Chemist: 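Take a look at the following structure, please.
FYI, side chains are in, hydrogens and waters are out, and symmetry mates aren't considered; it's all heavy atoms of this structure. Counting starts at 1 for both ligands and their atoms, in listed order. Since this is a predicted model, take the numbers as computed values, not measurements.
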Amino acid sequence: MMKSTMILLFLVVSIMRGQNLIPEVEALLEKMTLEEKIGQLNLLTPGGGIATGSVVSKNVETKIKTGKVGGIFGVSGPDRVRIAQEFAVNNTRLKIPLLIGADVIHGYKTTYPIPLGLSCSWDMDLIEQAAQMAAKEATADGINWNFSPMVDIARDPRWGRIAEGAGEDPYLGAKVAEAMVKGYQQNDLSASNTMLACVKHLALYGAPEAGRDYHTVDMGKVKMFNQYLPPYKAAIDAGVASVMTSFNDIDGVPASGNKWLLTELLRNRWGFNGLVISDYTSVNEMIAHGLGDLQAVSALSLKAGLHMDMVGEGFLTTLRKSVKEDKVTEAEITHACRKVLEAKYKSGLFEDPFRYLDTDRPKKDILTAENRALARKLAAHSFVLLKNHDNILPIKKDAKLALVGPLADSRNNMLGTWAPTGDPNLAVTILEGFKNVASGARITYAKGANISDDPEFAKKINVFGPRISIDKRSSEELLQEALAVAKTSNVVVAVVGEATEMSGEAASRTDISIPDSQKKLIRELVATGKPVVLVLMSGRPLTIPEEFDLPVAILQVWHPGVEAGNAIADVVFGDYNPSGKLTTTWPRNMGQIPIYHSVKNTGRPAPKDKFEKFKSNYLDVDNTPLISFGYGLSYTTFEYSNLTLNKKNIMQGESVDITVTVENTGNYDGEEIVQLYLRDLVRTITPPIRQLKGFKKVFLKKGERRTVNLELTPDDLKFYNGSLEFVSEPGEFEVFVGTDSNASLKKSFVLK
Ligand code: BGC
């Protein structure tokens, strides 16, 4: 090559790199026809997994072979994926491999707790390890792209998908988002055990009106920026490879066609340079939203900044026509195609389309003893001890124990919602777990009640298999059997709550209490006078005012995953001292919803513990929740003292170092999650009374006393003001440190 040509080439490559263009991708784009580019924007599912909409893609094989598909999901296993990949690579002109996606939401085959449960560990190392394990297993099965993490902030427990996220708090949510992206991607997308992550659902999907799934979202920008957007942004900052849009509208425009969201915010403001995909048929659904026909909504979405169309095929079937009619430009299609190809390039598929297809790997990497041990640990760390009347827990391993309740021996309900790659048959039931861990105990089991007695309700829940099985025996017979078993025992453990599919997608409830059949069982068990432990299983916070008042112990276990029974037994029998803390606020009743800890003061704050006319309170219930954000007990007790700040006054850009002494004053070794809340007393936008701004999980042996260090960075003092600038404003701040969001140790400082 002549020297001048080489210099020219070098210059072109450097310019491309400067614009973050990948020369190999640009060269490929040069060769592609309009048709081939549009084909890459099509993401299909041939079925086989759980379809989450009414449409399943047709003729996928022919479409792949004719270059009409850029990626597929719902196909797994090296052999099956190889077939699909060969369709693409051996038949299409340019041999472009497929992205192979999946919903690996809480573990691939080794299912770990639902994400809401996992977030209650507040343990970012563990969460990262969980995601890393999921990536290792999924990639062993041929998957290179994961539709996770789901980081939607949710403050309305009626919404069933609250189960899939990290709860209500933007600070904690951002940390979890970052940990999961790191876990899936490990900063090396082309490694054969990492996968592209996809943060979802941009944006605000967790705030539908009245908690009804897919419902309208209406939110001002200040709230959006301060309370709902931080976790998505954290995932972007952590280098997430792709973003999925949400079903809902934002300021009247559905996310998939929202230019402000996808271009102004995501691309321009946050600098996201990766792939943006729709949710399942969310482009087509814009027709029902009222934005025009398929051609119009597809053009709108492409122009807004969407690159790939999931299942709906609006891009595939209308974009060519739209180019002809000057409704979109070929350059816009090329840009979207570039993003799809770049994702493939980054995951190493161009180098080797079969890189994730080693048939030896599933046996080696999936459901290993090591993975199951991690799932067991993750589950135990996700449980939250809500109450421990008379220290009923832990139970001695030689107890005479009655194990009752419709979830005590219900394999089908252990994995939790949205575990399409997990196998419920592999789950350890509570009955099995108890026998494994406490082989010296005398355990007698009785079902005691149906999850629900309503056959119509059961039908709605049993869509993916039997979750609620209504017993042939009458409810009275079930109850009497349980009471008889209880009476011959020294302690009763009742496993009650929600079936798996009572939370999750399209599983909103307007009454989030424990179903009546089970409530009755609980009351009657307590009336026997035996010590009662409620192991409460659910995919969301529940309203439990009556149960919370009973003289019982309550261990909230969410849906714990494949090692459910073993992990619950570890905690119930004291092999692990529970340390989880709630990441959602639990309401007293439905009327308090939406409910969350970082509320504002209002102009007429309610007085404490009493009603006052013309104040912001209710006639019939206190403003406070039943159980606060950040709350969770341990078998031991922790005392806090000596809160100190290193400065009383700081300048802009300075940090504050905080120390507090924490002492384990009880009889067990244990972990405590030390929490830091901040109050900004005066600013130009009404501040929340408290905001979480730091936490640290510490292990203390019994009797041990330790100084715990925390830090407030300059960013922790900032918020988005009325012009959406991220600023801190001079004035006084109060710092609270303690065991939950009611922390009472307090110190203040002034930002000059
Ligand atoms: C869900 C997404 C999921 C997609 C593909 C949709 O219904 O909202 O979270 O990734 O289906 O399965």
Side-chain angles (χ1 to χ4, degrees), residues 42-57 60 69-76 99-108 114-116 131 134 138 143-154 159-166 177 180-181 184 195-208 212-215 217 231-232 235 240-249 254-256 275-286 288-289 306-313 343 416-422 463-464 501 503-508 539:
N42 197 22
L43 173 59
L44 296 185
T45 180
I50 291 173
T52 55
S54 47
V55 188
V56 177
S57 316
V60 178
V69 182
I72 55 172
F73 63 102
V75 174
S76 59
L99 284 171
I100 309 291
D103 285 282
V104 184
I105 308 299
H106 48 116
Y108 183 63
I114 56 166
L116 183 60
I143 285 146
N144 49 48
W145 184 23
N146 188 16
F147 303 149
S148 170
M150 187 282 215
V151 304
D152 304 320
I153 293 294
W159 189 55
R161 295 194 85 170
I162 197 171
E164 276 181 64
M180 290 181 77
V181 170
Y184 292 139
M195 51 190 176
L196 309 172
C198 182
V199 66
K200 68 190 190 186
H201 307 81
L202 193 73
L204 320 182
Y205 183 30
R212 172 153 60 82
D213 209 357
Y214 318 125
H215 201 0
V217 172
Y232 308 107
V240 73
S242 61
V243 172
M244 187 188 292
T245 58
S246 55
F247 290 118
N248 54 281
D249 57 344
S256 304
L275 174 63
V276 184
I277 68 169
S278 78
D279 201 347
Y280 207 102
T281 61
S282 66
V283 173
N284 312 52
E285 288 167 23
M286 288 163 64
H289 273 288
L306 190 81
H307 306 136
M308 220 177 185
D309 173 10
M310 188 194 288
V311 179
E313 304 194 33
T417 182
W418 216 200
T421 48
V463 278
F464 303 134
E501 252 67 55
S503 62
E505 189 167 351
S508 296

Chemist: Contact between ligand 1 and R161 is defined here as a heavy atom of the residue under 4.0 Å from a ligand atom; is it met?
Modeler: yes
Chemist: How does Y214 reach ligand 1, if at all, at less than 4.0 Å between non-hydrogen atoms: by side chain, backbone, both, or neither?
Modeler: neither
Chemist: Decide ring pair (Phe, Tyr, Trp, His ring centres under 6.0 Å) for W159 and Y205; before the verdict, give the C-alpha distance in whole Å, the side-chain angles of both, and the deciding distance to 0.1 Å.
Modeler: CA-CA 10 Å; W159 189 55; Y205 183 30; 5.0 Å; yes
Chemist: May I ask you to identify, for K200, whether its side chain, its backbone, both or neither come under 4.0 Å of ligand 1 on a heavy-atom basis?
Modeler: side chain
Chemist: Only heavy atoms of D279, strictly under 4.0 Å: list the atoms of ligand 1 that pass.
Modeler: 1 (C), 2 (C), 3 (C), 4 (C), 6 (C), 7 (O), 8 (O), 11 (O)
Chemist: How many angstroms lie between CG in N146 and SG in C198, if you round to the nearest 0.5 Å?
Modeler: 8.5 Å
Chemist: Could you list which atoms of ligand 1 come closer than 4.0 Å to a heavy atom of F73?
Modeler: 5 (C), 12 (O)
Chemist: Heavy-atom contact check, 4.0 Å cutoff: does E164 meet ligand 1?
Modeler: no
Chemist: Return the option from V104, D103, D213 holding the heavy atom at the smallest distance from atom 10 (O) of ligand 1.
Modeler: D103
Chemist: Work out whether the distance between some heavy atom of F247 and some atom of ligand 1 is less than 4.0 Å.
Modeler: yes
Chemist: Hey, could you give me the CH2/CG distance between W145 and L275, rounded to the nearest 0.5 Å?
Modeler: 5.0 Å
Chemist: Minimum distance, heavy atoms only, to atom 9 (O) of ligand 1: which one of H201, M150, E505, M310 is it?
Modeler: H201
Chemist: Does the plane of the ring in F247 sit parallel, tilted or perpendicular to the ring in H201? Use 30° and 60° as the thresholds.
Modeler: parallel
Chemist: Can you name the nearest heavy-atom pair linking S278 to M310, along with the distance?
Modeler: OG-N, 2.8 Å
Chemist: Measuring from atom CG of L196 to atom CD1 of I143, what distance do you get when rounded to the nearest 0.5 angstrom?
Modeler: 12.0 Å
Chemist: Do N248 and P208 make a side-chain contact, defined as non-hydrogen atoms from C-beta onward lying under 4.5 Å apart?
Modeler: no
